[in-house]
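Everything below concerns the one structure shown next.
So that the names make sense, note that chain A is the first sequence line, chain B the second, and so on, each numbered from 1. Just so you know, these numbers use all the heavy atoms, side chains as well, and skip hydrogens, waters and symmetry mates.
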There are 2 protein chains.
Amino acid sequence: MVAALGSPPGPAAEWRWAMGDNGRPTATISRVAEAAGVSRATVSRVMNGRSTVAPELAERVLAAARALDYAPSPVARSLALGRTATISLIVPDLANPTFQEVLRGLSQAAGEHGHRLLIAESAEHVEDEEVLAVEARRRCDGIVLASPRLPAEDLGRLAQQLSPLVLINRTLPGGGVPSLSVDHAAGIGDLVAHLLSLGHRKIVYLAGPPASISNQDRLDVLLRLSREGRAFELVELACGSMFEDGHAMAGAVVGTGATAVVAYNDMVAFGTLSGLHELGVAVPQQISITGFDDIPFARFTTPPLTTTAVPANAIGRDAWTRLWALLEGSPATPPATYRPRLQVRGSSGRAALS
Amino acid sequence: MVAALGSPPGPAAEWRWAMGDNGRPTATISRVAEAAGVSRATVSRVMNGRSTVAPELAERVLAAARALDYAPSPVARSLALGRTATISLIVPDLANPTFQEVLRGLSQAAGEHGHRLLIAESAEHVEDEEVLAVEARRRCDGIVLASPRLPAEDLGRLAQQLSPLVLINRTLPGGGVPSLSVDHAAGIGDLVAHLLSLGHRKIVYLAGPPASISNQDRLDVLLRLSREGRAFELVELACGSMFEDGHAMAGAVVGTGATAVVAYNDMVAFGTLSGLHELGVAVPQQISITGFDDIPFARFTTPPLTTTAVPANAIGRDAWTRLWALLEGSPATPPATYRPRLQVRGSSGRAALS
DNA sequence: TTGAAAGCGCTAACAT
DNA sequence: ATGTTAGCGCTTTCAA
């Protein structure tokens, strides 16, 4: 074989996207109509189970469709119908276990109702986030958005372009946009009550990112509780949201002389746990530790982590439910709040005599 | 205001999907053309930077587009062009940390090239998996498929309908389909070599799901190594792939008198670690443990887990690269194999005198 | 360089 | 009950 004798560039490339199983162009509604000797409208009706087509005709259409291996084009339907049977999830960080779980819940729920899920990670580009979201919106019927950092005013403006929209961990004044939030205050309250019941009177709070709203929420409650109840002394330590942050603070925690620590989240708690272990400090005998979120691994540390469970999967499913309602034309549901559930495990115990 | 005086049901509902920011119908190419006093073709050219439109005209078009807040409809473009700028990822289980990482890598890489990602979890429905995949394929330009359980023959048939297609952890004879696999054998080999160098001579293998190909791979190497080298005694224990499975086997592991365990994956290793801890068996002083995958948490256990790292993120990115090549009309790349990288951490140490 | 017109594949009035 | 027709919004020959 000489190179020059190779098959010349034919029209094959033109058909690339339109090829079916056997190398034939994929069947269209017109071919089926032709094969069945009916109009395209009738084929459409049959394929959608619309109105009552004469049984005999319907059978003929179905037979033709089967023979041609026909299936309606979702893209063409989307254009004609003005809807795509697709929704988008936009999250800042796919590495976050909580968002992963929201994703799963949303994906499953949407899938059960025949809807596909488009996903976008807005990563660290707060700047591009709006563009990303608007772009995503045009390819689908609605959006579920988790955008912890977008300023409230920008969010308000965005909301209209993105509608139908469901917000996660954000609310918008006016109540026009359904939103699903976690009651951080209640979660922290439960954690503190638990620690107090164990006799702890000096508690360290390992703070998350200062800019984070949820960190603010947590800190506010802690301050209020320590002041109002006068039941314990609060020590705030700037920390972060990652394992390494918590790990690095272990020494400082010990230095405070506190008997318990409330970590910003589970990851930080894990880090602290690990750091204390390396320092030879026994948990919970010498110091108790609590986290927040109850990510899957919280049950698997040694000792298992006392934390408060954010029902991320349920939030994902609920986001679908509300978005779906919007798609169906129902009025926006009022903002909902999820109360975390306290999970008492091995990392918390009676306060040591300090 | 009396209810009866409320605004009557108007055509508003009809416009739901076509509403823009201000409640006006979203701009179309026709409106822009009209506003700019040109044809739709010209608007199209300008929007796509096609051929050379007279600068003055182009400016007029752009101005009109801006004024009307116009952006081309992705759906309409998809229909006209026969491509969607979207790809799909199909995975059996979104809860699996490795797939989550593949997802991230793929999402990022595709995003950098202006493509969106549709995601589908085939969950436990091996049955529906084919339908799901074919359905997904019609909404996008190509597929990345991880389908550990689908029988080879079914996969072969599916491959043509799904093309362009990139396979993860599966290969197809004939080389027509790019595939990305993990070299389980090499990974296990490294782990065993490491354990042997530490003096271990009796090793337990905590087996994964019997049906899993990757479990077979691992077992095969272990058997071969123990026979050929005669360097160690192998004990196979049926286990599973989850934390709980490993946890339940801790006692049995101790019962074998082995000094080291090679777990099917990191999760099983975590479970075993936890179980041994509860039994008061010191790791690695009394027993060494190794995992497989190096999921993010492997670094965070106590002791940190010795394991072998599967570059899931890189695999995700590479899947994009190969799928993209296919979309561009390049020939299929040959199957690639990723060699895991050994990560020696605290869970493995010198063999105890047994 | 620009415009007219014919699709892309499907749906939904409107007739019959 | 079925067919005809006119879009959905955009791209792309083909002429001019």
Side-chain angles (χ1 to χ4, degrees), chain A residues 11 13-20 24-61 64-65 68-85 138-139 141, chain B residues 11 13-20 24-61 64-65 68-85 138-139 141:
Chain A
E14 312 298 339
W15 286 101
R16 224 181 332 128
W17 67 271
M19 298 292 254
R24 300 178 306 203
T26 62
T28 69
I29 196 174
S30 296
R31 288 193 205 293
V32 175
E34 187 182 15
V38 300
S39 71
R40 296 178 318 186
T42 296
V43 176
S44 176
R45 289 182 186 115
V46 171
M47 297 309 293
N48 296 293
R50 273 292 195 294
S51 75
T52 58
V53 176
E56 180 228 291
L57 257 200
E59 188 40 56
R60 236 163 63 204
V61 169
L68 295 174
D69 206 21
Y70 169 76
S73 152
V75 177
R77 297 196 80 222
S78 295
L79 182 59
L81 292 172
R83 50 187 156 77
T84 60
R138 302 218 54 194
R139 306 184 171 276
D141 303 337
Chain B
E14 313 297 340
W15 285 102
R16 223 184 330 129
W17 67 270
M19 296 295 253
R24 302 179 304 204
T26 63
T28 70
I29 196 174
S30 297
R31 289 195 203 291
V32 176
E34 187 181 14
V38 300
S39 71
R40 296 179 316 185
T42 296
V43 175
S44 176
R45 289 180 187 117
V46 171
M47 297 310 291
N48 296 292
R50 274 292 194 297
S51 77
T52 58
V53 175
E56 180 228 293
L57 259 201
E59 188 40 56
R60 236 163 63 205
V61 169
L68 296 175
D69 207 18
Y70 168 76
S73 153
V75 177
R77 297 194 80 224
S78 296
L79 181 59
L81 293 173
R83 52 188 156 73
T84 59
R138 303 217 55 194
R139 303 182 172 275
D141 303 337

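Atom CZ in R139(B) sits roughly 21 Å away from atom P in dC8(C) (whole-Å rounding). When rounded to the nearest whole Å, the span between CD of E56(A) and C1' of dA1(D) equals 12 Å. Per the geometry, CZ belonging to R50(B) stands 8 Å off C1' belonging to dT11(D), to the nearest Å. In this structure, the CG atom of L81(B) is 11 Å from the P atom of dT13(D), given to the nearest Å. Between R31(B) atom CZ and dG7(D) atom C1' there is a gap of 14 Å when expressed in whole angstrom units. Taking atom CZ of R45(A) as the reference point, atom P of dT11(C) lies 11 Å away to the nearest angstrom. As rounded to whole Å, 13 Å separates atom C1' of dA6(D) from atom CG of L79(A). For the pair I29(B) CD1 and dT11(D) C1', the computed distance is 8 Å after rounding to whole Å.
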**OP:** Please report the C-alpha distance between R45(B) and V38(B) in whole Å, then the side-chain angles of each, then the deciding distance to 0.1 Å, and finally whether the side chain to side chain contact (heavy atoms under 4.5 Å, CB included) criterion is met.
**Re:** CA-CA 11 Å; R45(B) 289 180 187 117; V38(B) 300; over 6 Å; no
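Distances shown here put a side-chain N or O of R77(A) below 4.0 Å from the OP1 or OP2 atom of dT11(C). Under 4.0 angstrom from either OP1 or OP2 of dT2(D) there lies no side-chain N or O belonging to S39(A). At the phosphate of dG3(C), OP1 or OP2 sits under 4.0 Å from a side-chain N or O atom of T42(B). Between T52(B) and dT1(C), a side-chain N or O to OP1/OP2 separation shorter than 4.0 Å is present.
Using a 4.0 Å heavy-atom criterion, one finds that A41(B) contacts the bases of the nucleic acid, with or without backbone contacts as well.
L68(A) and A35(A) make their closest contact through CD1-CB, 4.1 Å (heavy atoms, listed as atom of the first residue, atom of the second, distance). Considering every non-hydrogen atom in both T26(A) and R31(A), the closest pair reads O-NE, 4.2 Å.
In terms of position on DNA chain C, the residue among A76(B) and G37(B) whose nearest nucleotide sits closer to the 5' end is G37(B). When each of R40(A) and V38(B) is assigned the nucleotide of DNA chain C with its nearest heavy atom, V38(B) is the one assigned upstream, toward the 5' end.
Checking S73(A), P72(A), S44(A), S39(A) one by one against I29(A), the side chain to side chain contact (heavy atoms under 4.5 Å, CB included) holds for a single residue, S44(A).
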